[in-house]
Amino acid sequence: MASASPSPPAPPVIFASARRRAIRARQLVRAHNGDAARYLAQDMAEDVLERLAFLRHDPARALVIGDRSGIIATALGGQGTEVLRADPVPGPGELAFDDEQPLPFTGFDLIVSLGLLDTINDLPGALLHIRRALAPDGLALVSFPGAGSLATLRDIMLSADGDRPAARTHPQIDARAGAQLLQRCGFADPVADSRELKVRFGSLQRLVGDLRDQGLTSALDRPGPPLGKAGLARAQAAFGERADGEGRVTETFAILTLSGWAKVLRPPKF
């Protein structure tokens, strides 16, 4: 009698699920402030619409995950698409789901995920769940901050920690790794690309505030200790050292976008 094949090893725990949800919930609350930063969500949503127009993909049924801006659902709904909105911490009009588990919804011509999968422990598993929820010939578009994001803040935190650097920023995925993941998960015509969005800040406090507004603070399972007053002073000094003539520091957000199709092989026509 043949023995059962061993189960695949569990993915390493890098991010804390409870912290991810708490960050997402705080983002939802802060969004009620009129001056809350929203530029990353808007940029990702507008980019998705441009890609759909270029591909001439007109889905009959779409699942939109994590689009706090509502831009994609509004645009797709305006062209007659049936749109289901979802989020791990749902806002008005969104359904709740666990993005680390198989999706409870299937049969979509389009699935969009924005700003979520960079802090998931099992990214290959999440991409597999998305592919399996697509209808034949369906398209997946996934965007999140990737490699190269927040390089300035990373340097500032290293300066603040001095001789004892702590884990304060997330590991990041680059375009090459993203393309390999798409292939591994069975997507057809996989594409991974990255683009930069540069933002200037007049203070470290404003930079951190924008990160909180947009759900980009640390979700690490084992985060570093609090900076303390001395560490914060060193961080503010390091920020000032990097300021330009107008007293501003430029930070980079590198948006990684992954796309792939759930293709169906059809017999050749003779």
Side-chain angles (χ1 to χ4, degrees), residues 8 10-32 38 40-42 44-45 48-49 52 57 59-77 81-136 138-145 170 173 178 181-182 184-187 214-217 219-221 256-262:
V13 177
I14 300 172
F15 303 103
S17 296
R19 289 176 67 88
R20 291 181 75 237
R21 289 192 296 271
I23 290 168
R24 198 74 179 162
R26 180 173 63 183
Q27 179 193 17
L28 189 60
V29 172
R30 291 174 71 97
H32 294 296
R38 299 176 175 87
L40 286 181
Q42 292 171 351
M44 286 188 286
V48 163
L49 294 179
L52 290 174
H57 185 60
R61 189 165 181 256
L63 173 63
V64 180
I65 305 169
D67 179 22
R68 292 296 199 202
S69 71
I71 291 173
I72 297 174
T74 299
L76 291 177
T81 302
E82 177 190 347
V83 181
L84 184 67
R85 298 179 62 200
D87 197 278
V89 180
E94 295 177 326
L95 297 177
F97 85 112
D98 185 343
D99 54 357
E100 298 192 83
Q101 299 296 324
L103 275 69
F105 339 99
T106 58
F108 295 98
D109 306 300
L110 171 69
I111 297 179
V112 176
S113 174
L114 300 185
L116 286 170
L117 297 190
D118 57 319
T119 57
I120 201 164
N121 288 309
D122 186 7
L123 179 55
L127 292 173
L128 275 172
H129 297 329
I130 288 174
R131 185 178 63 77
R132 290 168 179 167
L134 286 169
L139 171 66
L141 284 167
V142 175
S143 288
F144 51 78
H170 296 163
I173 300 167
L181 282 172
L182 289 170
R184 174 181 168 187
C185 294
F187 284 97
Q214 300 179 101
L216 295 176
T217 50
L220 293 172
D221 183 61
L256 178 64
T257 300
L258 311 178
S259 65
W261 300 81

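One is the number of the first residue; the rest follow in order along the sequence. Note that the structure is predicted; figures quoted are calculated from it, not measured.
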For this session: Determine, stepwise, if the pair Leu114 / Phe144 fulfils side chain to side chain contact (heavy atoms under 4.5 Å, CB included).
Result: CA-CA 6 Å; Leu114 300 185; Phe144 51 78; over 6 Å; no
Problem set entry | Full working for side chain to side chain contact (heavy atoms under 4.5 Å, CB included) between Leu84 and Phe108 | CA-CA 10 Å; Leu84 184 67; Phe108 295 98; 3.9 Å; yes
For this session: Specify the closest pair of heavy atoms between Ser259 and Leu141, including all atoms of both residues, with the distance to one decimal.
Result: CB-CD2, 3.4 Å
For this session: Take Leu52 and Leu76 through the side chain to side chain contact (heavy atoms under 4.5 Å, CB included) test and state the conclusion after the steps.
Result: CA-CA 10 Å; Leu52 290 174; Leu76 291 177; 4.1 Å; yes
Less than 4.5 Å apart, any side-chain heavy atom of [X] and any of [Y]?
X: Asp67; Y: Val112; result: no
X: Thr81; Y: Leu110; result: no
X: Leu28; Y: Asp87; result: no
X: Arg132; Y: Thr106; result: no
X: Leu139; Y: Trp261; result: yes

Please check if the side chain of [X] supplies one atom and the backbone of [Y] the other of a donor-acceptor pair under 3.5 Å.
X: Arg20; Y: Thr119; answer: yes
X: Arg24; Y: Leu116; answer: no
X: His57; Y: Asp109; answer: yes
X: Arg38; Y: Ala31; answer: yes
X: Arg131; Y: Cys185; answer: yes
X: Arg21; Y: Pro88; answer: no

Seminar exercise, completed: Only one of Ile111, Asp99, Val142, Leu117 passes side chain to side chain contact (heavy atoms under 4.5 Å, CB included) with Ile65, and that residue is Ile111
For this session: Take Arg68 and Met44 through the side chain to side chain contact (heavy atoms under 4.5 Å, CB included) test and state the conclusion after the steps.
Result: CA-CA 11 Å; Arg68 292 296 199 202; Met44 286 188 286; over 6 Å; no
For this session: Would you please say whether a donor-acceptor pair under 3.5 Å links the side chains of Arg30 and Gln27?
Result: no
